[in-house]
Amino acid sequence: MLLLNGSGCLDALIAPDVARALDAFVTKTITPLPRDGNAPVRIAETEHGMLNAIGLANPGREKFLDEVLPHLRELGFPLWVSVGGFAADEYAETCAALDDVTIELNLSCPNVDEAPESAAEIVGACRAATDLPLYAKLSPAAWDVADTARAVEAAGADGLSLVNTIRGLSLDERTLRPTLERGSGGYSGPALKPIALAAVYACARATTIPIVGMGGVRTGRDALELIAAGASAVALGTVLFSDPDAPLRVRTELDVERSARGFDSAHDARGIAHWTDAGQRADVHANVL
Amino acid sequence: MLLLNGSGCLDALIAPDVARALDAFVTKTITPLPRDGNAPVRIAETEHGMLNAIGLANPGREKFLDEVLPHLRELGFPLWVSVGGFAADEYAETCAALDDVTIELNLSCPNVDEAPESAAEIVGACRAATDLPLYAKLSPAAWDVADTARAVEAAGADGLSLVNTIRGLSLDERTLRPTLERGSGGYSGPALKPIALAAVYACARATTIPIVGMGGVRTGRDALELIAAGASAVALGTVLFSDPDAPLRVRTELDVERSARGFDSAHDARGIAHWTDAGQRADVHANVL
Amino acid sequence: MKRARLKVLGNEQIGPYFLIRVGCGALDPGCPGQFFMLEAPGRVLPRPMSVCLAPAGELAFLIDPIGPGTRALCALEPGDAIHVLGPLGHGFRLDVERPLLVGGGIGIAPLPFVSERLGAPPALLGFRSEWHAEAAALIPNAEVVIEPTYVTEAMPAGHDVLACGPEPMLETVRALSPDAQLAWEAPMACGYGACYGCAVEIGGELKRLCVEGPVLAAA
Amino acid sequence: MKRARLKVLGNEQIGPYFLIRVGCGALDPGCPGQFFMLEAPGRVLPRPMSVCLAPAGELAFLIDPIGPGTRALCALEPGDAIHVLGPLGHGFRLDVERPLLVGGGIGIAPLPFVSERLGAPPALLGFRSEWHAEAAALIPNAEVVIEPTYVTEAMPAGHDVLACGPEPMLETVRALSPDAQLAWEAPMACGYGACYGCAVEIGGELKRLCVEGPVLAAA
Ligand SMILES: Cc1cc2nc3c(=O)[nH]c(=O)nc-3n(C[C@H](O)[C@H](O)[C@H](O)COP(=O)(O)OP(=O)(O)OC[C@H]3O[C@@H](n4cnc5c(N)ncnc54)[C@H](O)[C@@H]3O)c2cc1C
Ligand SMILES: Cc1cc2nc3c(=O)[nH]c(=O)nc-3n(C[C@H](O)[C@H](O)[C@H](O)COP(=O)(O)OP(=O)(O)OC[C@H]3O[C@@H](n4cnc5c(N)ncnc54)[C@H](O)[C@@H]3O)c2cc1C
Ligand SMILES: Cc1cc2nc3c(=O)[nH]c(=O)nc-3n(C[C@H](O)[C@H](O)[C@H](O)COP(=O)(O)O)c2cc1C
Ligand SMILES: Cc1cc2nc3c(=O)[nH]c(=O)nc-3n(C[C@H](O)[C@H](O)[C@H](O)COP(=O)(O)O)c2cc1C
Ligand code: FES
Ligand code: FES
C-alpha cells in the first residue's frame with residue numbers, strides 16, 4: 001500500500017526526511033510559467049479544516065526542469081510530478097518534457113480564476129504527449145465526480161487522484177471580512193474526509209483504474225477507510241502541517257488496524273466497503289497500483 | 001433578518017412550537033408522487049457533521065395539497081413550500097397548484113439517482129407557471145456555483161437558497177461498509193459552513209437577488225457570518241436536531257453579536273464581508289428579502 | 001418535550017454498562033418506554049436513551065458504550081452537565097393484566113422503570129455473559145438466562161409481554177406473542193419527528209419510529 | 001527539526017500574557033529568534049511561537065491570547081502535554097557589537113532569550129498600557145515606553161538593532177536603522193517550508209518566511 005503526500009503539502013528539498021518516509025514524493029503543481037501565487041494572507045484555519053489560496057506558486061516549467069528536478073532526483077526516491085496549466089496544450093507540453101516520473105494532472109485547483117477546460121480533453125492531449133503513467137486529479141465539486149472519472153479513463157488516464165480541495169471561505173472574527181486576501185480558498189483537512197470517501201467510493205465503481213485517495217487523513221484508520229472505499233494508495237496533505245512524522249505514524253497505525261481486522265496486508269482490505277452481504281466483491285475492479 | 005428552517009429539517013405539524021419561533025416554515029421537499037424515501041439506515045453522524053439519505057420521503061403533491069397544507073395553514077405562520085421533481089414540467093405543475101406561499105425549488109438533492117435537468121430550465125418552466133416568489137436552492141457541488149446563480153436569476157428566480165448538502169460517505173467502524181444503506185448521502189452540519197460561506201459570498205457578487213444562507217449554522221455568530229457574506233435570511237438545518245430551541249437562541253446570540261459590533265440591526269451587517277478598505281460596499285447589490 | 005441542561009449526579013459502572021444519574025430539573029420523567037435525547041459531549045448529534053429509573057428529582061440512564069457517542073456519555077463525571085431533551089415518543093401501555101418483562105442485553109435499560117410502575121412483575125432477562133448479567137440487579141423478580149440460552153426459549157406463555165432488546169430477539173418475541181409490546185431501536189438524529197432518519201417499516205409503510213414508537217404493538 | 005510531546009510544567013500570567021513552560025525533552029532549544037510550532041489543543045493547525053526563555057531542560061513561551069489557537073494554549077495547565085516541533089527558521093545573528101533590543105507588545109517574546117545570550121544588553125520596549133508592560137520584567141536593562149509614546153520615537157542611534165513587534169513598528173525601525181535585524185510574523189500552517197502559506201515579499205519576491213526568516217535583515 002503506497003503512502004504519498006498530497007501535491008503542495010510538502011517540499012522534499014526542504015524536508016527530505018519527511019519525504020523519505022513516504023513511498024513516493026509528489027511535487028507542488030508545476031505550471032508553464034513561474035507563479036508567485038496569490039498575495040498573502042494565503043492560509044487560514046477553520047473549525048474543522050483549513051483554507052488555502054496559495055495559487056499554484058511554483059518556479060515554472062523551465063526552472064523546475066533545470067534546477068529543481070535534478071536536486072529531487074539526487075534524493076533518490078520515486079517522483080510524481082504534478083502538472084498544471086490553463087489549456088490542454090500547456091499540460092501536454094509539460095508532460096512531453098518529463099521523463100522517468102509519474103505524472104499527476106492537476107485538473108482541479110480552486111485557487112485560480114481560469115475555468116478548467118474539459119478534464120478529458122486535457123488528459124487526451126497529455127496521453128498523446130507521453131507514455132509515462134498519468135494520474136488525473138479531480139475536484140469533488142462536481143454533481144457526479146464518477147462521470148468525470150469515466151471520461152478521463154476513456155481519454156487514457158492510468159489512475160485517479162481523489163480529491164483536491166473544495167472551495168471554502170472564512171471570515172476574520174473581528175472584521176468579518178474574508179481571512180484570505182483572495183476571498184475564498186481550497187478547503188482541506190478533517191472536514192473533507194466524508195467528501196473524499198464518497199468520491200473514491202463512486203469512482204471505484206465507475207472505473208477500473210487505480211485510485212490515490214486523499215482528503216482529511218489523519219490516522220491509519222482514516223487511511224484504511226479510503227482503502228476500503230477503493231483506494232490503492234493514500235496521500236497525506238494537511239496532516240503533514242501539524243505532524244511531519246505522520247507518514248511513519250499513519251503507516252504503523254494502518255498496520256495495527258488492518259491486522260486487528262484480520263487482513264494480512266492493507267491491500268487485502270481494498271474495496272471491502274463494496275462487498276455485498278454474501279462477502280463477495282460487488283462491481284469494483286480497480287487494478288492494483 | 002428572517003430566520004427559517006432548512007427544508008427537511010423540521011416538521012411543523014409535529015413540532016409547531018419550534019416552527020413558531022421561526023419567521024417562516026419551509027416544508028420538506030414535495031414531489032409529484034408520494035415517496036417512502038430510501039431504505040434505512042438513512043442517517044449517520046460523522047466527526048464534524050452528519051450524512052442523510054432520506055431520499056425525499058414525502059406524501060406526494062396531491063396528499064400534500066389536500067391533507068398537509070390545510071393543517072399547516074391553520075398554524076398561521078408564513079409558509080415556504082419546497083418543490084422537487086425529476087423534470088422541469090413536474091416542478092412547474094406543482095408550482096402551478098400552489099397559492100399564497102413562497103416556493104423553494106430544490107434543484108440539488110444529492111439523494112436521488114436521477115441527474116437534475118438544467119437548473120435554469122426548471123426555473124424558467126416554474127416562472128411561467130406561477131407568480132409566487134421563487135427561490136432556487138442550489139448545490140455547492142459545482143465548479144462555480146455563481147454561474148448557476150446567474151443562470152437561474154436570468155431565468156426568473158426571485159432569490160437563492162444556498163446551500164444544500166454535498167455528497168459524503170462514512171463507513172461503519174466495525175464492518176468498514178457504508179453506514180448508510182444507500183452508500184453515500186448528503187453531508188451537512190458544522191463541516192459545511194466554509195463551503196456555504198463561499199457559495200453565498202460568490203453568489204452575492206454574481207447576482208442581485210436575495211439569498212437565504214444555510215449550512216452548518218449553530219450560533220448567532222455563524223448566522224452573522226452568512227449575513228456578512230451576503231445573505232438576507234438564514235436557515236437552520238442540522239442544528240435543529242440537537243437543539244430544537246436553536247431558533248430563539250440563535251436570534252438572541254445574533255442580536256448580541258451584531259450590537260457588540262455596532263450594527264443597529266442584523267440587516268445593516270449584510271454584505272460587509274464585501275466592503276473594501278475604504279469602507280464602501282464592493283459590487284454586492286443583493287436586494288432586501 | 002422540553003430541553004434543559006442537567007447536572008450529572010452520578011456515574012456507576014454495572015457490568016459493562018454505566019448508570020448515569022442526572023438531576024431532572026424542569027423535565028418531566030415521562031412514562032416507561034419513553035426516551036430522551038442526550039447531548040454526547042464533542043459529538044454533532046444527541047443520542048436516544050430510554051429512561052431507566054426516575055426517582056424523585058432524578059433521571060437515570062443505563063448506557064452501553066458501543067461507539068463514540070455512548071463512550072462520551074459513559075465518560076461523564078459528577079458535576080458535568082449535558083443538554084437533555086424529552087420525554088419523547090410513546091412508551092409502554094401499562095394497563096396490562098399479566099405483565100411479563102422481557103429484556104436482552106442493554107435492552108433491559110427501560111425495564112427497571114417499567115417494573116417500578118407495574119409493581120415488580122416477573123421479568124425474564126437474557127445476557128451474553130455473567131458480567132453483562134450484573135445489570136439484572138436493577139430489576140426485581142427477574143429470572144436470568146445466559147447465552148447460549150436465549151430468553152425466547154425460556155418465555156412462559158399466557159402473559160402480556162413488554163419487551164426490549166436486539167432486533168432478532170424482538171422478532172422472535174413477536175412470533176411467539178402476537179400481542180406483545182415491543183420497544184424498537186433505530187438510528188435517530190432528532191428524536192422528535194424532524195429528520196425522518198428513524199424510518200422503520202410499520203404496517204407496510206416507512207414511518208418515523210420516534211413519533212410512532214419506540215414501543216409498538218407486535219401485531 | 002524534531003517533534004516531541006512535551007509536558008507543561010507551568011503557566012503563569014504576566015500582564016495580559018501567559019508564560020508557558022514545558023519540559024524540553026529531546027528537543028534542542030535552538031537560537032534566539034527561532035521558533036517552535038506548538039499544538040493548540042482542539043485546533044487543526046499548530047501555532048508558531050518564539051522561544052522566550054530556555055533554562056536547562058525547559059522551553060518557555062510568552063503567549064498573547066488573541067484568537068482560538070492562542071487561547072487554547074494559554075488555557076494549558078501543568079501536567080497537560082502538547083506536541084512541539086522545532087527549532088525552526090533562522091534566528092538573530094548574535095555577532096553584533098552594540099546590540100539594542102527593541103520590542104513592541106507581544107513582540108518582546110523572543111527578547112528574554114536574546115538578552116540572556118548577549119549578556120543583558122540595553123533594551124527598549126513599548127507597550128499599550130502599564131498592564132501589558134508587566135512583561136518587561138522578563139528583560140533586564142530595559143527602558144519601557146507606554147503609548148502614546150512609541151519605541152521608535154525613543155530609539156537611540158548608533159546601535160545594532162534586534163527588533164520584534166507589530167509590522168508598523170518594524171517598518172519604522174527599518175527606516176531608522178537600515179542594518180537592523182527584524183523578526184517578522186506571517187500566518188503559518190506548517191513552519192517548516194511545506195505549505196507555502198507564510199509567503200512574504202523579500203527582495204521583491206514572495207518567499208517563505210518560515211524558511212528565510214522569521215528574522216530578516218532590514219535592508
Ligand atoms: C428509543 C431508543 C432508546 C435507546 N435507549 C438506550 C439505552 O437506554 N441505553 C443504551 O445504551 N442504548 C440505547 N439506545 C441505543 C443507543 O441510542 C445507541 O447505542 C447509540 O445511539 C449509539 O451511538 P454511538 O455513537 O455510541 O455508536 P454508533 O456510532 O452509532 O455505533 C457504533 C457501532 O455500534 C454498532 N451498533 C449500532 N447500534 C448497536 C447496538 N445497539 N448494539 C451493538 N452495536 C451497535 C454500529 O454498527 C457501529 O459500528 C436506544 C436507542 C433508541 C432508538
Ligand atoms: C515566527 C513567529 C513567532 C511567533 N511568536 C509568538 C510568540 O512568541 N508569542 C505570541 O503570542 N505570538 C507569537 N506569534 C504570533 C502567533 O503565532 C499568532 O498570534 C497565533 O498564531 C494566532 O493564532 P490564534 O488562533 O490565536 O488567532 P487567529 O485566529 O490566527 O487570529 C485571531 C484574530 O487575531 C487577529 N490577529 C492575528 N494576528 C494578530 C496579532 N499578532 N495581534 C493581534 N491580533 C492579531 C486576526 O485578525 C484575527 O481576528 C508568532 C508568529 C510567528 C510567525
Ligand atoms: C496548502 C495546500 C496547497 C496545495 N497545493 C496543491 C497543488 O499545488 N496541487 C494540487 O493538486 N493539490 C494541492 N493541494 C491539495 C492537496 O494535495 C490535497 O488534495 C488536499 O489538501 C486534500 O487532502 P488533505 O485534506 O489531506 O489536505 C494543496 C493543499 C493545501 C492544503
Ligand atoms: C435530514 C435532512 C433532510 C433534508 N431534506 C431536504 C429536503 O427535503 N429538501 C432540501 O432542499 N434540503 C434538504 N436538506 C438540506 C437542508 O435543508 C440544508 O440545506 C442542509 O442541511 C445544510 O444546512 P445545515 O448544515 O444547517 O444542516 C436536508 C438536510 C438534512 C440534514
Ligand atoms: S429521529 Fe428524527 S424523525 Fe425520528
Ligand atoms: S509556514 Fe508552511 S511554508 Fe512556511
Side-chain angles (χ1 to χ4, degrees), chain B residues 5-6 8-19 28-29 34-59 172-174 179-181 185 187-192 216 218 236-246 248-249, chain C residues 1-5 26-27 36-48 65-73 82-90 167 184-214:
Chain B
N5 62 291
C9 300
L10 187 63
D11 180 343
L13 295 179
I14 296 265
D17 290 347
V18 180
K28 183 149 183 72
T29 299
R35 291 172 60 92
D36 254 357
N38 295 314
V41 172
R42 317 204 283 192
I43 49 163
E45 189 192 57
T46 68
E47 208 77 16
H48 307 299
M50 69 171 285
L51 300 172
N52 87 78
I54 308 299
L56 301 184
N58 81 92
D172 185 277
E173 123 180 351
R174 267 179 297 197
T179 320
L180 301 181
E181 179 62 23
Y187 189 31
S188 66
L192 197 61
R218 271 177 305 180
L236 305 179
T238 302
V239 69
L240 291 171
F241 304 154
S242 59
D243 183 7
D245 297 334
L248 185 59
R249 176 177 57 73
Chain C
M1 161 180 126
K2 248 193 183 153
R3 185 166 180 267
R5 193 147 181 275
L27 298 192
F36 287 79
M37 295 297 285
L38 273 57
E39 173 189 357
R43 306 301 306 179
V44 175
L45 297 173
R47 296 296 190 279
I66 57 146
T70 47
R71 282 193 296 264
L73 284 165
I82 54 168
H83 280 102
V84 174
L85 175 78
L88 299 163
H90 293 95
E167 217 170 288
W184 299 88
E185 281 191 14
M188 294 184 173
C190 72
Y192 69 96
C195 74
Y196 277 80
C198 62
V200 293
E201 218 189 283
I202 300 176
E205 271 181 84
L206 284 179
K207 291 197 177 171
R208 288 170 292 189
L209 183 68
C210 72
V211 173
E212 313 283 332

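Below, read A as the first sequence line, B as the second, and so on, with proteins coming before strands; counting in each chain starts at 1.
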So which of H83(C), M37(C), R3(C) has the largest heavy-atom pair count under 4.5 angstrom toward chain B? R3(C)
Any side-chain heavy-atom pair from [X] and [Y] closer than 4.5 angstrom?
X: S242(B); Y: E39(C); result: no
X: R47(C); Y: E45(B); result: yes
X: D11(B); Y: Y192(C); result: no
X: R43(C); Y: T46(B); result: no
X: C195(C); Y: I54(B); result: no

When P187(C) is tested against each of L180(B), T179(B), I43(B) for side-chain contact (heavy atoms from CB on, under 4.5 Å), which residue passes? I43(B)
Answer with side chain, backbone, both or neither: which region of P190(B) has an atom nearer than 4.5 Å to a non-hydrogen atom of chain C? side chain
By a 4.5 Å heavy-atom criterion (distance strictly below it), what part of V239(B) contacts chain C: side chain, backbone, both, or neither? neither
Work out which heavy atom in F241(B) is nearest to a heavy atom in A189(C); give both atom names and the distance. CB-O, 3.5 Å
Working for side-chain contact (heavy atoms from CB on, under 4.5 Å), residues M1(C) and V18(B): CA-CA 11 Å; M1(C) 161 180 126; V18(B) 180; 4.1 Å; yes
Proximity breakdown for L45(C) and chain B, heavy-atom pairs closer than 4.5 Å: both
Per-residue contact mode, M188(C) against chain B (heavy atom under 4.5 angstrom): backbone
Please round to the nearest 0.5 Å and tell me the distance separating atom CG of N58(B) and atom OH of Y196(C). 8.5 Å
If you count heavy-atom pairs under 4.5 Å between each of [options] and chain C, which one has the most?
options: T238(B), L13(B), D17(B), L240(B); answer: L240(B)
options: G189(B), G237(B), A12(B), P40(B); answer: P40(B)
options: E47(B), K28(B), R174(B); answer: E47(B)
options: G49(B), A15(B), A57(B), P244(B); answer: P244(B)

What residues form a side chain to side chain donor-acceptor pair (under 3.5 Å) with [X], not counting sequence neighbours?
X: R249(B); answer: D243(B), E253(B)
X: R218(B); answer: none
X: R42(B); answer: none

Applying a heavy-atom distance below 4.5 Å, give me the residues of residues 201-208 of chain C that approach chain B, sorted by number. L206(C), R208(C)
Does a sphere of radius 6.0 Å around NE2 in H90(C) hold more than 12 heavy atoms from other residues, nucleotides or ligands, not counting ones at 6.0 Å or beyond? no
